[in-house]
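This report concerns only the one structure given below.
Start at 1 and go down the list; that is how both ligands and their atoms are numbered.
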Amino acid sequence: MYLTKEQLEQFESDGFLVIPDFFTPQQAGQLKDKADRLLKEFSLEGHPMTKFSTGMNSGNKHVGDDYFLDSGDKIRFFFEEGAFDDQGKLKQTKERSINKIGHGLHGLDPTFKEFSLNPKISDISRQLGFKSPKILQSMLIFKQPYIGGPVPSHQDSSFLYTEPTSAVGFWFALEDCTQHNGCLWFIPGSHKNTPITRRFVRDPSGNGTIFIGDEELIVDESKYVCKEVKAGTLVVLHGSVVHKSAPNFSDKSRYIYTFHLIEGQAKYPADNWLQPSESMPFTSL
Ligand SMILES: O=C(O)CCC(=O)C(=O)O
């Protein structure tokens, strides 16, 4: 059993758990190097220049095109909101312009596949009550210096919804994450008193995505605590815990890798934005 009783209690009480030294600085460096290689090698040619905007509190700004909707079984690149000038030209190098890569790294990229299919994670998932844990998506989230965008307050189960709710996030710091370069912030215990009342789904009238349910997530900002972590840290997130991250205006990048599990025995609604494909069904852990 990987987690101690105290760690399980902490997760139960806070809705998140910080595990320093889950992986080595060398591994963090290798994953970061691989992320940099993906950024270097990706081509702008034919790219629809899709930006990633969570826009969770500002109506319907979320990217809603096929490039996003079909990314579950692909390695796709999403730009920062502020990446382009008025003429539609990149304001900095393409490597510095990407907000995130998603959502099939855990199945398609050998480095991230090997890292994700980790017996320690499988062990943790069973300790958290999973019977049939499935990885349904993975992401590299960058926050490059000066341009890294914020991630507004949200609950992961709004985006990765099952009945009953089951999503758990595994978030790996590939670099030191501080208040200056965009570490995570949490409202401890919010998973217990903040039900999932909004869902991010495919718009039945078109190609895009919409939120259904409550207009917005009401958040008491004064309850947030910030969690600075070192490279090599794993943070486990309950799907209902309210969390966010700030923009990165510093001169240091903040690279993280994350994937989410859901319970394979739970119902997975057909209108969820992310759908498994024949070529890449959700991955058993
Ligand atoms: O890494 C970040 O900045 C945000 C990640 C996050 O909120 C998530 O994966 O749910």
Query raised in the report: With ring centroids as reference points, do Tyr257 and Phe23 lie under 6.0 angstrom apart?
Result: no

Query - Sidechain N-carboxylate O distance under 4.0 Å for Asp21, Lys230 - result: no

**Report entry** Note, Leu128 side chain near Leu8 side chain (heavy atom, < 4.5 Å)
**Finding:** yes

Query - Proximal atoms of ligand 1 relative to Val151 (non-hydrogen, under 4.0 Å) - result: 3 (O), 4 (C), 7 (O)

Requested in this report: Considering only non-hydrogen protein atoms, determine which one is nearest to atom 8 (C) of ligand 1 and report residue, atom name and distance to 0.1 Å.
Outcome: His243 NE2, 3.7 Å

Query raised in the report: Under 3.5 Å, is there a donor-acceptor pair between the side chain of Gln144 and the main chain of Arg96?
Result: no

Requested in this report: Number the atoms of ligand 1 from 1 as they appear, then name those within less than 4.0 Å of a heavy atom of His154, with their elements.
Outcome: 6 (C), 7 (O), 8 (C), 10 (O)

Query raised in the report: Any idea how His103 and Trp273 line up, ring-wise: parallel (<30°), tilted (30 to 60°), or perpendicular (>60°)?
Result: perpendicular

Report task. Determine whether the aromatic ring centres of Phe282 and Tyr268 lie less than 6.0 Å apart. Result -> yes

Query raised in the report: Which residue owns the protein heavy atom closest to atom 9 (O) of ligand 1, what's the atom, and how far is it?
Result: His260 CE1, 3.8 Å

Query raised in the report: For ligand 1, which atoms sit closer than 4.0 Å to a heavy atom of Leu184?
Result: 2 (C), 4 (C)

Query - Residue Lys143 vicinity, atoms of ligand 1 by number, heavy atom under 4.0 Å - result: 3 (O)

Requested in this report: Determine whether the aromatic ring centres of Phe211 and Phe159 lie less than 6.0 Å apart.
Outcome: yes

Report summary line: Candidates Asn248, Thr258, Asp156; heavy atom nearest atom 10 (O) of ligand 1 found on Asp156

Report task. Pick whichever of Ser245, Pro150, Ser153, Gly182 has a heavy atom sitting closest to atom 3 (O) of ligand 1. Result -> Ser245

Requested in this report: Under 4.0 Å from a heavy atom of Arg254: give me the atoms of ligand 1 that qualify, with their elements.
Outcome: 1 (O), 2 (C), 3 (O)

Query raised in the report: Of all the atoms in ligand 1, which lie at a distance below 4.0 Å from a heavy atom belonging to Ile256?
Result: 1 (O)

